[in-house]
Asker: 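First, the structure itself, so that you have it in front of you.
Naming: A, B, ... by sequence-line order, numbering from 1 per chain.
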Protein chains: 2
Amino acid sequence: MEFKEAKNKFVQTWGALGSQWGINKTMAQIHALLMVSHEPVSMEDIMEELQISRGNASMNLRALMDWGIVYKEYKAGERREFFTAEKDLDELAVKISRERSKREIKPALKVLKEVSTIKSDGTEAERHFVDQTTKLYDFVLKADNVLDKITEYKDNWLAKLVVKIMK
Amino acid sequence: MEFKEAKNKFVQTWGALGSQWGINKTMAQIHALLMVSHEPVSMEDIMEELQISRGNASMNLRALMDWGIVYKEYKAGERREFFTAEKDLDELAVKISRERSKREIKPALKVLKEVSTIKSDGTEAERHFVDQTTKLYDFVLKADNVLDKITEYKDNWLAKLVVKIMK
DNA sequence: ACAAACTTTCATTTTTTTTTGAAACTTTAA
DNA sequence: TTAAAGTTTCAAAAAAAAATGAAAGTTTGT
């Protein structure tokens with residue numbers, strides 16, 4: 001396989017994977033492109049390589065920076081801005097976990113707590129509802145905490161986790 | 001909060017969470033509804049409660065059964081089919097993990113392996129590409145294996161994991 | 001073997017999400 | 001202070017995903 005072909009395949013695959021996990025395709029593709037680029041890339045080049053509009057590039061770069069996984073860089077003597085991706089995978093996974101926890105899990109937990117604490121009048125339906133949502137709340141909270149704990153190791157957390165669970 | 005209100009809120013929230021993670025809203029809502037129902041529910045009732053069409057209900061119930069997290073039930077003396085959700089959360093998480101690994105992670109790994117093994121001609125760009133995709137392959141493979149290992153405990157795996165990583 | 005009761009399929013429509021592109025805005029250098 | 005070089009915003013358009021509903025299919029009781 002040619003380098004260019006391989007790069008394109010990687011970008012497409014990463015984009016598809018993003019879609020399946022609720023991240024928009026272009027955002028994932030830009031991220032993929034920056035991940036495998038050995039030097040900072042301009043917006044111009046991103047537009048060109050992915051065949052997307054300026055607006056689309058701008059918005060998704062902003063989103064990636066909000067996630068904390070893409071950085072702006074300034075080159076000496078250059079007017080335009082360049083972009084790089086977080087390339088350390090442990091760090092990348094930590095940042096994605098933290099963001100998704102903050103944006104999606106925590107708000108869901110809040111609702112779970114609310115609905116699991118209604119006063120049940122004691123019909124079987126209500127008792128089951130309270131019981132099940134309480135269990136769900138406990139489960140999600142525990143999972144969220146575990147994720148937090150794991151990624152706290154920061155440096156090489158995945159390798160450390162492997163060691164922990166194998167023994 | 002009223003029971004009915006709480007139930008509705010839960011279903012809506014679970015549906016929104018599903019969307020954010022790449023699962024279609026209705027599919028997540030049906031799952032939510034079945035999770036908190038103390039007895040099997042007919043397609044008729046699902047349509048009524050979620051205000052969706054027969055076709056939609058049918059297709060998403062099929063999808064949920066393909067995932068192995070919703071079951072068909074037959075009631076004695078009843079022509080129609082009823083549906084229940086897997087209510088054990090450890091089991092639910094295991095099934096979702098396995099399916100997503102099989103459908104999404106494994107195929108992505110295959111591509112990562114392909115693109116990371118091109119013969120680099122030694123330009124800096126190519127060396128970086130091979131290096132980065134190799135690291136990504138190793139990382140994703142390791143993460144996938146960890147998930148597999150964790151969920152192998154099956155019974156109460158989350159609680160067991162908590163114990164493991166805390167000490 | 002028939003028809004009633006029920007479920008599935010899939011072409012079409014609707015809704016939602018993403019993308020575009022042009023105008024507004026910002027920054028820098030002369 | 002101006003204009004050139006660049007970036008951001010957002011209303012409108014396009015694309016993608018999901019939902020509808022009617023026809024086809026299946027099952028069961030008589």
Asker: I'd like to know if Glu2(A) and Lys4(A) make a salt bridge, using a cut-off of under 4.0 Å between side-chain N and carboxylate O.
Answerer: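 Here Glu2(A) does not pair with Lys4(A) in a salt bridge, since their nearest N and O are not under 4.0 Å apart.
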Asker: Take atom CG of Leu61(A) and atom C1' of dT20(C), then tell me their distance rounded to the nearest Å.
Answerer: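 These atoms are roughly 16 Å apart.
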Asker: Quick one: Leu64(B) CG to dT8(C) C1', roughly how many Å, whole number?
Answerer: 16 Å
Asker: Report the distance from atom CD of Gln51(B) to atom C1' of dG21(D), rounded to the nearest whole Å.
Answerer: 15 Å
Asker: Whole Å only: how far is the CE atom of Met47(B) from the P atom of dA22(D)?
Answerer: 12 Å
Asker: Between Asn24(B) and dT16(C), does any side-chain N or O lie under 4.0 Å from OP1 or OP2?
Answerer: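 No.
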Asker: Take atom CZ of Arg80(A) and atom C1' of dA4(D), then tell me their distance rounded to the nearest Å.
Answerer: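 Computing the Arg80(A):CZ to dA4(D):C1' distance gives 15 Å.
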Asker: Using 4.0 Å as the upper bound for N to carboxylate O, is an ion pair formed by Asp138(B) and Lys142(B)?
Answerer: no
Asker: Rounded to whole Å, how long is the line connecting atom NZ of Lys75(B) with atom C1' of dA5(C)?
Answerer: 17 Å
Asker: Could you check how far OH of Tyr74(B) sits from P of dG29(D), rounded to whole Å?
Answerer: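 After rounding, the reported distance stands at 13 Å.
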Asker: Salt bridge or not between Asp155(B) and Lys160(B)? Use side-chain N to carboxylate O under 4.0 Å.
Answerer: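 No, this pair does not count.
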Asker: If you find the nucleotide of DNA chain D closest to Glu81(A) and the one closest to Ala57(B), which residue's nucleotide is nearer the 5' end?
Answerer: Glu81(A)
Asker: Does Glu114(B) form a salt bridge (Lys or Arg N to Asp or Glu O under 4.0 Å) with Lys9(A)? I'd like the steps, not just the answer.
Answerer: CA-CA 9 Å; Glu114(B) 270 174 54; Lys9(A) 190 163 192 175; 2.6 Å; yes
Asker: On DNA chain C, nearest-nucleotide positions of Ile23(A) versus Gly55(A): which is more 5'?
Answerer: Ile23(A)
Asker: Does dA17(D) have its OP1 or OP2 closer than 4.0 Å to a side-chain nitrogen or oxygen of Lys25(A)?
Answerer: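 So the side-chain polar atoms of Lys25(A) never come under 4.0 Å of the phosphate oxygens OP1 or OP2 of dA17(D).
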Asker: By the 4.0 Å heavy-atom rule, please label Asn56(A) as base, sugar-phosphate, or nothing.
Answerer: base
Asker: Please determine if a side-chain N or O atom of Ser58(A) lies less than 4.0 Å away from the OP1 or OP2 oxygen of dT9(D).
Answerer: no
Asker: Tell me, with the steps shown, if Glu104(A) and Trp21(B) meet side-chain hydrogen bond (donor to acceptor under 3.5 Å, both in side chains).
Answerer: CA-CA 9 Å; Glu104(A) 296 151 16; Trp21(B) 287 80; 3.0 Å; yes
Asker: Counting side-chain heavy atoms from C-beta on, which of dT18(C), dT7(C), dT20(D) comes nearest to Ile52(B)?
Answerer: dT20(D)
Asker: Measure the distance from CE on Met59(B) to P on dA18(D) and round it to the nearest whole Å.
Answerer: 11 Å
Asker: What does Arg79(A) touch in the nucleic acid at a heavy-atom separation under 4.0 angstrom: a base, only the sugar-phosphate, or nothing?
Answerer: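 Counting heavy atoms under 4.0 Å across all strands, the contact made by Arg79(A) includes a base.
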